[in-house]
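Here is the structure we will look at.
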Amino acid sequence: VRKQAVILTVSCMLLCLLITKGLAGLLEAEDKNGFREMLSIPAQQLARTYAKEGADFFEKEEQDRLYSFISQEDLGRYNPKLADPVKANLRVGLNSTLPDFATLWLKTAIRSPGNYLDATLVQTYQAWYPLTIPDGYCGENAKPRYQGSESCYFALQAEEPVQMDSKLPGLLAVYEFFSRHMTFDTVPLLPLLFSVGTMFWILLYALVYAVCHKRLEAAGVLLLILCLCLTCLLGPIVLVRYYLILFFALPLVVGVNKLL
């Protein structure tokens, strides 16, 4: 059974890699933002330190180096929940600039660990704190369609050059309500059912339970889901669609210790 599980897992990984890389090559797609996405948290940590401590916290040489990676304008647009304003124009790549960026990041971390920790927690808390609902499209970050919306649980919109033209307006209206007007604080316990954090802790509990009871097959299944979620924590924002696996896999997470 274990051999079959390993073969199935490796096959799925190879198939996924083949599809993504194969389609990218076939369609001549360019990945211009992938590496910047992976640096969302480090960029936020530097930006928060800059915002909280001021430019004088950095020595002149460090300032020049910082501005070579992130412009002063982008540093001034620091948003605790959204890394896009800071990392959108991040000038770091897999070349000679990466070691310089890593050196600056590490030196700043040693001098300001509190700001680094705060930046990470504020950036990710909607993914692991149960009593919160993702709201990345509300407030000052609101997309045009979400200006003045009561909520923004997920994005129901089309971005240029795509245009929205629903053939099922009734169904669209239902999604519109859940996306823009569904308030979760009026019904007790309702937020817990829609919270990414709730699903995250259910997964974590099931994984710990499997390990403690030496159900390694079940633990392996749950660990794969956890690894996917951990990669999403490194992203620029917490959105429900990034963590849909937690909702889709909930029956499996709850029952896997009985099945395996």
Side-chain angles (χ1 to χ4, degrees), residues 16 20 29 31-45 47-48 74 77-90 118-162 164 166 171-172 174-185 190-204 224-250 252-253:
C16 179
T20 54
D31 183 9
K32 297 181 178 180
N33 301 314
F35 187 68
R36 286 203 294 263
E37 296 288 316
M38 292 186 283
L39 295 178
S40 293
I41 294 295
Q44 286 287 83
Q45 292 168 333
R48 186 176 183 88
D74 288 345
R77 298 168 58 205
Y78 168 69
N79 185 301
K81 296 181 183 179
L82 178 65
D84 286 348
V86 171
K87 62 90 179 168
N89 301 307
L90 185 65
D118 289 345
T120 304
L121 294 178
V122 176
Q123 174 81 17
T124 62
Y125 81 96
Q126 291 183 334
W128 49 262
Y129 183 58
L131 300 179
T132 185
I133 295 295
D135 60 353
Y137 293 112
C138 292
E140 60 187 65
N141 306 317
K143 302 281 186 177
R145 186 179 176 84
Y146 284 81
Q147 296 287 345
S149 296
E150 299 174 74
S151 64
C152 47
Y153 186 60
F154 58 87
L156 182 66
Q157 67 174 21
E159 298 186 4
E160 294 293 340
V162 179
M164 185 177 294
S166 175
L171 181 59
L172 178 63
V174 174
Y175 286 134
E176 182 90 8
F177 171 78
F178 276 102
S179 176
R180 299 184 57 194
H181 305 293
M182 180 68 172
T183 54
F184 297 91
D185 55 357
L190 182 63
L192 295 178
L193 301 178
F194 292 87
S195 170
V196 175
T198 299
M199 303 301 160
F200 180 83
W201 281 104
I202 291 175
L203 170 65
L204 202 59
L224 288 175
I225 301 175
L226 179 62
C227 288
L228 175 60
C229 294
L230 292 179
T231 61
C232 292
L233 283 177
L234 302 177
I237 189 175
V238 175
L239 296 177
V240 173
R241 61 185 173 91
Y242 294 168
Y243 298 90
L244 279 178
I245 183 64
L246 292 175
F247 295 87
F248 291 157
L250 181 60
L252 174 64
V253 171

Give the ring-plane orientation class for Y129 versus Y125, where under 30° counts as parallel, over 60° as perpendicular and anything between as tilted.
tilted
Which distance, rounded to the nearest 0.5 Å, do you find between the CG of L226 and the CD1 of I245?
12.0 Å
C229 and Y243 have their tightest heavy-atom pair at O-CE2, 3.7 Å
Look at the side chain of T124 and the backbone N and O of L233, then say whether any donor-acceptor pair between them is shorter than 3.5 Å.
no
Heavy atoms of V238 and A127 approach each other most closely as CG1-N, 3.8 Å
So CZ of R77 and CG of D84: to nearest 0.5 Å the spacing works out to 9.0 Å
Could you pull out the closest heavy-atom pair between T132 and S195, with the gap in Å?
O-OG, 3.4 Å
Please answer whether the main-chain N or O of C16 pairs with a side-chain N or O of T20 as donor and acceptor at a distance below 3.5 Å.
yes
Looking only at atom types and distance, does a side-chain atom of S179 sit under 3.5 Å from a main-chain N or O of Y175, one as donor and one as acceptor?
no
Show your working on side-chain contact (heavy atoms from CB on, under 4.5 Å) between K87 and L39 and close with a plain yes or no.
CA-CA 8 Å; K87 62 90 179 168; L39 295 178; over 6 Å; no
Test side-chain contact (heavy atoms from CB on, under 4.5 Å) on T198 and L193 and set out the steps.
CA-CA 7 Å; T198 299; L193 301 178; over 6 Å; no
Point-to-point distance, once rounded to the nearest 0.5 Å, from CE of M38 to OG1 of T231
11.5 Å
Which heavy-atom pair separates R36 from L90 by the least distance, and what is that distance?
CD-O, 3.3 Å
Would Q45 and T120 satisfy side-chain contact (heavy atoms from CB on, under 4.5 Å), going step by step from the backbone distance to the final call?
CA-CA 7 Å; Q45 292 168 333; T120 304; 2.9 Å; yes
Identify the two heavy atoms, one from V122 and one from R48, that lie closest to each other, and give their separation to 0.1 Å.
CG2-NH1, 4.5 Å
How many angstroms lie between atom CD of Q44 and atom CG of L82, to the nearest 0.5 angstrom?
7.5 Å
With no hydrogens and no angle check, is any side-chain donor or acceptor of W128 less than 3.5 Å from a backbone partner on W201?
no
Nearest 0.5 Å please: distance from the CZ atom of R241 over to the CZ atom of F247.
14.0 Å
Yes or no on side-chain contact (heavy atoms from CB on, under 4.5 Å) for L131 and L192, after CA distance, side-chain angles and deciding distance?
CA-CA 7 Å; L131 300 179; L192 295 178; 3.7 Å; yes
Looking only at non-hydrogen atoms, find the nearest pair between Q123 and I237 and report the distance.
NE2-N, 3.6 Å
